[in-house]
Visitor: 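Right, I'll just put the structure down here and ask away after.
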Number of protein chains: 2
Amino acid sequence: MEAKQSASMEDYLESILMLGEGKEAVRVSQMSKALRVKMPSVSSALAKLSQEGLVEHKRYGRVQLTPEGERVAEDVFHRHEALRHFLTEILNIDPETAAGDACKMEHTISPVTQQKLAKFVEFVNQPPEGPPKWLKIFHHYLRRAKLPEEYIARCLKED
Amino acid sequence: MEAKQSASMEDYLESILMLGEGKEAVRVSQMSKALRVKMPSVSSALAKLSQEGLVEHKRYGRVQLTPEGERVAEDVFHRHEALRHFLTEILNIDPETAAGDACKMEHTISPVTQQKLAKFVEFVNQPPEGPPKWLKIFHHYLRRAKLPEEYIARCLKED
DNA sequence: CAATAAAGTTAGACTTATCTAACAATTTAT
DNA sequence: ATAAATTGTTAGATAAGTCTAACTTTATTG
């Protein structure tokens, strides 16, 4: 029943979740700062989300997610996290760039991709004692643009 | 000096590149179909891109990229391809979903991420005789949600 | 070659999301 | 407790991108 939200609306919902860290209610001014938009933009977004039953907000009061709103916000957050982990842990991208990219991509990634991405990160962290050797070799490759002889040899043997 | 293009404008440019397959000029109606927008939307986009010197287009005529427009279109296309290859070859996502996701994400991915993603695909295809064993194991993991004993054993030995 | 069809454009409406300016409520501090 | 500062809202403007309807140009074809 929940109409699909726009990227903007997803951002507003997500920010309420993040700023409230789960349970606390949140101020319009906080959201305004966090999202780098002016307060009237927040007001207007909240009116809409309130209408749709995703947030609780009375004039001049604090903002809170409804259970339904929380569900949506958490979904956005999961997409964000799947992307961020992948970008930092596997592609070895610096945390700021990764967070920035995740923020933008989180709105367009499909459920399938989100899930597989999460699985991939899980897979990489699964082997006992952290990341597997091939990942270290990839990170070396990122720096040198060349594979170590030893890796090639091993791959050949495996096939 | 080229102003950064919006997602929409990037799509228009990319579609000219794709439909022209490099050299041929393209019709408004083709773009309209390919992008699933009505012709007036294409007209208006072309007016803007023409203004900015990215496309060549005279009334009722065919559409062509300028060298500068081609540069931008190819950049978008490279982002698209980096994403698509990653999604299909590594995450094992079906071609349609992958292409769809790539179309949406291509507009928000940063240059750093695009490059590292491409490197990753390159890395995976580098070992002689195609994809390395760990990738096959990941694909198995996607289906079974469990790592084969043998893989764990090998990782342990390596560390 | 004239009639019709197809392709393209123009004009104008609508939506979403943003902003500024002006006003109103609430909080803080004197 | 009242003045000042902060916080929030309302109203209205603007920009991007889409659409429909009406019109124009180009192409097709009998």
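As the structure is a computational prediction, the values presented were derived from the model and not from experiment. By convention in this document, chain letters (A, B, ...) are assigned in the order of the sequence lines, proteins followed by strands, and residues within each chain are numbered from 1.
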Visitor: Return the CD1 to CD1 distance between Ile90(A) and Ile90(B), rounded to the nearest 0.5 Å.
Guide: 9.5 Å
Visitor: Considering only heavy atoms from C-beta outward, does the side chain of Asp11(A) approach that of Glu106(A) to under 4.5 Å?
Guide: yes
Visitor: Would you tell me if any nitrogen or oxygen in the side chain of Ser6(A) comes within less than 4.0 Å of OP1 or OP2 on dA17(C)?
Guide: yes
Visitor: Among the nucleotides dA17(C), dT18(D), dG8(C), which one has an atom lying closest to any side-chain atom of Ser44(B)?
Guide: dT18(D)
Visitor: Check the distance between dA15(D)'s P and Lys4(B)'s NZ and give it to me in whole angstrom.
Guide: 19 Å
Visitor: Starting from C1' on dT18(D), measure out to CE on Met31(B) and report it in whole angstrom.
Guide: 15 Å
Visitor: Salt bridge between Asp75(B) and Arg71(B), side-chain N to carboxylate O under 4.0 Å?
Guide: no
Visitor: Do Lys119(B) and Phe123(B) come close enough that some side-chain heavy atom pair is under 4.5 Å?
Guide: no
Visitor: Using whole Å, what does the distance between atom C1' of nucleotide dA17(C) and atom CZ of Arg36(A) come to?
Guide: 18 Å
Visitor: Nearest whole Å is fine: how far is dG8(D) P from Leu35(A) CG?
Guide: 14 Å
Visitor: Kindly point out which of dT9(C), dT18(C), dA21(C) is positioned nearest to the side chain of Tyr12(A)?
Guide: dT18(C)
Visitor: Rounded to whole angstrom units, what separation is found between the CG atom of Leu46(B) and the C1' atom of dT18(D)?
Guide: 15 Å
Visitor: Is any side-chain nitrogen or oxygen of Ser29(A) closer than 4.0 Å to OP1 or OP2 of dG8(D)?
Guide: yes
Visitor: Do Gln64(A) and His57(A) come within less than 4.5 Å of each other through their side chains, counting heavy atoms only?
Guide: no
Visitor: Indicate yes or no: at least one non-hydrogen side-chain atom of Val76(B) is less than 4.5 angstrom from one of Leu13(B).
Guide: no
Visitor: OP1 or OP2 of dA7(C) versus the side-chain N and O atoms of Arg27(B): is any pair under 4.0 Å?
Guide: no
Visitor: Does OP1 or OP2 of dT18(D) have a side-chain N or O of Ser8(B) closer than 4.0 Å?
Guide: yes
Visitor: Taking the side chain of Pro40(A) as heavy atoms from C-beta outward, which of dG8(C), dA11(D), dC19(D) is closest to it?
Guide: dA11(D)
Visitor: Taking DNA chain D as the partner, which of residues 48-65 of chain B come within under 4.0 angstrom of it by heavy atom?
Guide: Lys48(B), Tyr60(B)
Visitor: Tell me the interatomic distance from Met39(B), atom CE, to dA11(C), atom C1', rounded to whole angstroms.
Guide: 16 Å
Visitor: Just how far, in rounded Å, is P of dT6(D) from NZ of Lys33(A)?
Guide: 11 Å
Visitor: Rounding to a whole Å, what distance do you find between Asp11(B):CG and dT18(D):C1'?
Guide: 14 Å
Visitor: Does Ser41(B) put a side-chain nitrogen or oxygen below 4.0 Å from OP1 or OP2 of dG17(D)?
Guide: no
Visitor: Quick one: does any side-chain atom of Lys116(A) pair with a main-chain N or O of Asn92(B) as donor and acceptor, under 3.5 Å?
Guide: yes
Visitor: Between the side chains of Tyr141(B) and Glu122(A), is a donor N or O closer than 3.5 angstrom to an acceptor N or O?
Guide: yes
Visitor: What does the list of N/O pairs under 3.5 Å between the protein and nucleotides 2-6 of chain C look like, with a distance for each?
Guide:
none

Visitor: Return yes when atom CD of Glu89(B) has more than 12 non-hydrogen atoms of other residues, nucleotides or ligands closer than 6.0 Å, and no otherwise.
Guide: yes
Visitor: Mind checking whether Trp134(A) and Phe120(A) have parallel, tilted or perpendicular rings, split at 30° and 60°?
Guide: parallel
